[in-house]
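Worksheet: the structure to be examined is printed underneath.
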Amino acid sequence: MPEHLAPPVLLELENVQKQYESPGETIHAVRGACLTVREGERLALLGPSGCGKSTLLLLAGGLLRADGGSVRYSGSDLAEFSHAETLAHRREQLGFVFQSFDLTAGMSAQENVAVPLLLRHVPHSKADERAGEALAEVGLSGRGAQLVERLSGGEQQRVAIARAIVGEPRLLLADEATGNLDSETGAEILALLAELPRRHGAAVILVTHNKDATAHADRVLEMHDGRLTEGARETATAGRAEDSPGAR
């Protein structure tokens, strides 16, 4: 697609570096990552455990600061944000889904989903209404009053997705969101993560070791030893890889 017809750039990582110090060695988790994500794009990031893909996602979401390079969101460098601006950015622009669900026990599904809106000072009645709508979108109509610890793993992850989309983020970041689920439930969650954010106009970065995720992606990248490389989409029928645009 010609550059002038492509959707606007939402997220840019340029030569991003992240390292950790451990006794006797320096671990280079991310090495010179360059990545461009456009509005509404669905990106799958594949790689084995320990390759740096989760660290890259945390950098993209502003949950970690890069040791080198830049992370820009809609042209603004996240390193220049104050603490308050960073918190506001996460609440208003981003949605997160993690492998461990990160729901609050002792609260209902609807109360969990409403939390991001309440943090943005949305009135309780409106937050409850929108939380119920988000639960319906993930197939949990009528389950809003249930305590989250009484839900199945698949249902809990659906609640987590509803919580991530309820504020209509521009970018959804999902880290191994199917890692604790059986294969059938995991496939349902992958489909939700691909389609629901798109209905709301959000871009998606899905970090996973599951190659089935590539069927739902517009673009596939792979990560090995902290480095991003061009990936390949797995076809559902032919069992062969087809070319996929790489990182820029």
By ring-ring contact (aromatic ring centres under 6.0 Å, His included) - contacts of Tyr73 (at least two apart)
His89
Pairs involving residues 11-46, ordered by first then second residue, that meet ring-ring contact (aromatic ring centres under 6.0 Å, His included) (sequence neighbours left out):
none
Could you give all pairs that pass the salt bridge (Lys or Arg N to Asp or Glu O under 4.0 Å) test and reach residues 43-58, with sequence neighbours left out?
Lys53-Glu176
Identify whether Leu206 and Leu171 are in the same connected component of the hydrophobic contact network (ILVMFWY, side-chain heavy atoms under 4.5 Å).
no
Backbone of Phe96 reached by a side-chain donor or acceptor of Arg163 within 3.5 Å
no
Residues 126-138 side chain polar contacts: donor-acceptor under 3.5 Å, at least two apart:
| residue | atom | partner | partner atom | Å |
| --- | --- | --- | --- | --- |
| Arg130 | NH2 | Val166 | O | 3.4 |
| Glu137 | OE1 | His200 | NE2 | 3.3 |
| Glu137 | OE2 | His200 | NE2 | 3.0 |

Sub-3.5 Å donor-acceptor pair from the side chain of Gln19 to the main-chain atoms of Ala29, do we have one?
no
Distance-only criterion, 3.5 Å: show the donor-acceptor pairs between side-chain atoms of residues 180-197 and protein atoms not counting sequence neighbours.
| residue | atom | partner | partner atom | Å |
| --- | --- | --- | --- | --- |
| Asn180 | OD1 | Gln99 | NE2 | 3.1 |
| Asn180 | ND2 | Gln99 | O | 3.0 |
| Asp182 | OD1 | Glu184 | N | 3.1 |
| Asp182 | OD1 | Thr185 | N | 2.8 |
| Asp182 | OD1 | Thr185 | OG1 | 3.1 |
| Asp182 | OD2 | Thr185 | OG1 | 3.0 |
| Glu188 | OE1 | Arg158 | NH2 | 3.1 |
| Glu195 | OE2 | Arg42 | NH1 | 2.8 |

Is any side-chain heavy atom of Leu147 closer than 4.5 Å to one of Glu149?
yes
About how many Å separate CD of Glu12 and OG1 of Thr36, when rounded to the nearest 0.5 Å?
5.0 Å
Tell me, please, which residues at least two apart from Ser141 pass side-chain hydrogen bond (donor to acceptor under 3.5 Å, both in side chains).
none
Exercise: identify the closest heavy-atom pair between Ala203 and Val37
CB-CG1, 4.1 Å
Which heavy atom of Ala105 sits nearest a heavy atom of Val148, and at what distance?
CA-CG2, 4.1 Å
Got Glu39 and Pro8 here, is their nearest side-chain heavy-atom distance under 4.5 Å?
yes
Grouping I, L, V, M, F, W and Y whenever their side-chain heavy atoms are under 4.5 Å apart, do Val115 and Val159 come out in a common cluster?
no
Check the hydrophobic clustering (I, L, V, M, F, W, Y; side-chain heavy atoms under 4.5 Å; chains of links allowed) and say if Ile165 and Leu173 are grouped together.
no
Review item, side-chain donor-acceptor pairs of residues 54-66, under 3.5 Å, at least two apart:
| residue | atom | partner | partner atom | Å |
| --- | --- | --- | --- | --- |
| Ser54 | OG | Asp175 | OD1 | 2.9 |
| Ser54 | OG | Asp175 | OD2 | 3.0 |
| Arg65 | NH1 | Ala79 | O | 3.2 |
| Arg65 | NH2 | Phe81 | O | 3.2 |

With Thr104 via side-chain hydrogen bond (donor to acceptor under 3.5 Å, both in side chains) - residues at least two apart:
none
Got Leu172 and Val97 here, is their nearest side-chain heavy-atom distance under 4.5 Å?
yes
Do Ser74 and Leu10 touch side chain to side chain, with heavy atoms closer than 4.5 Å?
yes
How long is the gap from CG on Leu11 to CZ on Arg170, to the nearest 0.5 Å?
10.5 Å
Rounded to the nearest 0.5 Å, what's the gap from NE2 on His209 to CG on Leu45? Could you check?
13.0 Å
Point-to-point distance, once rounded to the nearest 0.5 Å, from CG of Leu221 to OG1 of Thr214:
12.0 Å
With a 6.0 Å cut-off (strictly less than), is the heavy-atom count around CG of Asp67, excluding the residue itself, greater than 12?
yes
For Ala44 and Ala213, the nearest pair of non-hydrogen atoms, with its separation, is CB-O, 4.3 Å
Listing request: all salt bridge (Lys or Arg N to Asp or Glu O under 4.0 Å) pairs with a residue in residues 21-34, at least two apart in sequence or in separate chains.
none
Look up atom CE in Met107 and atom CD in Gln146, then write down how far apart they are to the nearest 0.5 Å.
14.5 Å
side-chain contact (heavy atoms from CB on, under 4.5 Å) filter on Gln156, not counting sequence neighbours, yields Phe101, Leu103, Leu151
Scan residues 89-98 for pairs that pass salt bridge (Lys or Arg N to Asp or Glu O under 4.0 Å), counting only residues two or more places apart or in two chains.
none
Taking all non-hydrogen atoms of both residues, which atom of Ala145 and which atom of Ser108 are closest, and how far apart?
O-CB, 3.7 Å
Test of understanding: with side-chain contact (heavy atoms from CB on, under 4.5 Å), list the residues that count as partners of His224, not counting sequence neighbours.
Pro48, Glu222, Thr229
Establish whether Val71 and Ile205 are linked, either directly or via other cluster members, by ILVMFWY side-chain heavy-atom contacts under 4.5 Å.
yes
Mind checking the SG-CD spacing from Cys34 to Glu14? Nearest 0.5 Å is all I need.
6.0 Å
Determine, stepwise, if the pair Gln17 / Asn15 fulfils side chain to side chain donor-acceptor pair (under 3.5 Å).
CA-CA 6 Å; Gln17 317 276 343; Asn15 196 30; 3.2 Å; yes
Transitively linked via ILVMFWY side-chain contacts under 4.5 Å: Leu43 with Ile161?
no
Can a donor-acceptor pair be found, under 3.5 Å and without considering hydrogens, that links the side chain of Glu168 to the backbone of Gly201?
no
Between Glu155 (side chain) and Ser152 (backbone), is there a donor-acceptor pair under 3.5 Å?
yes
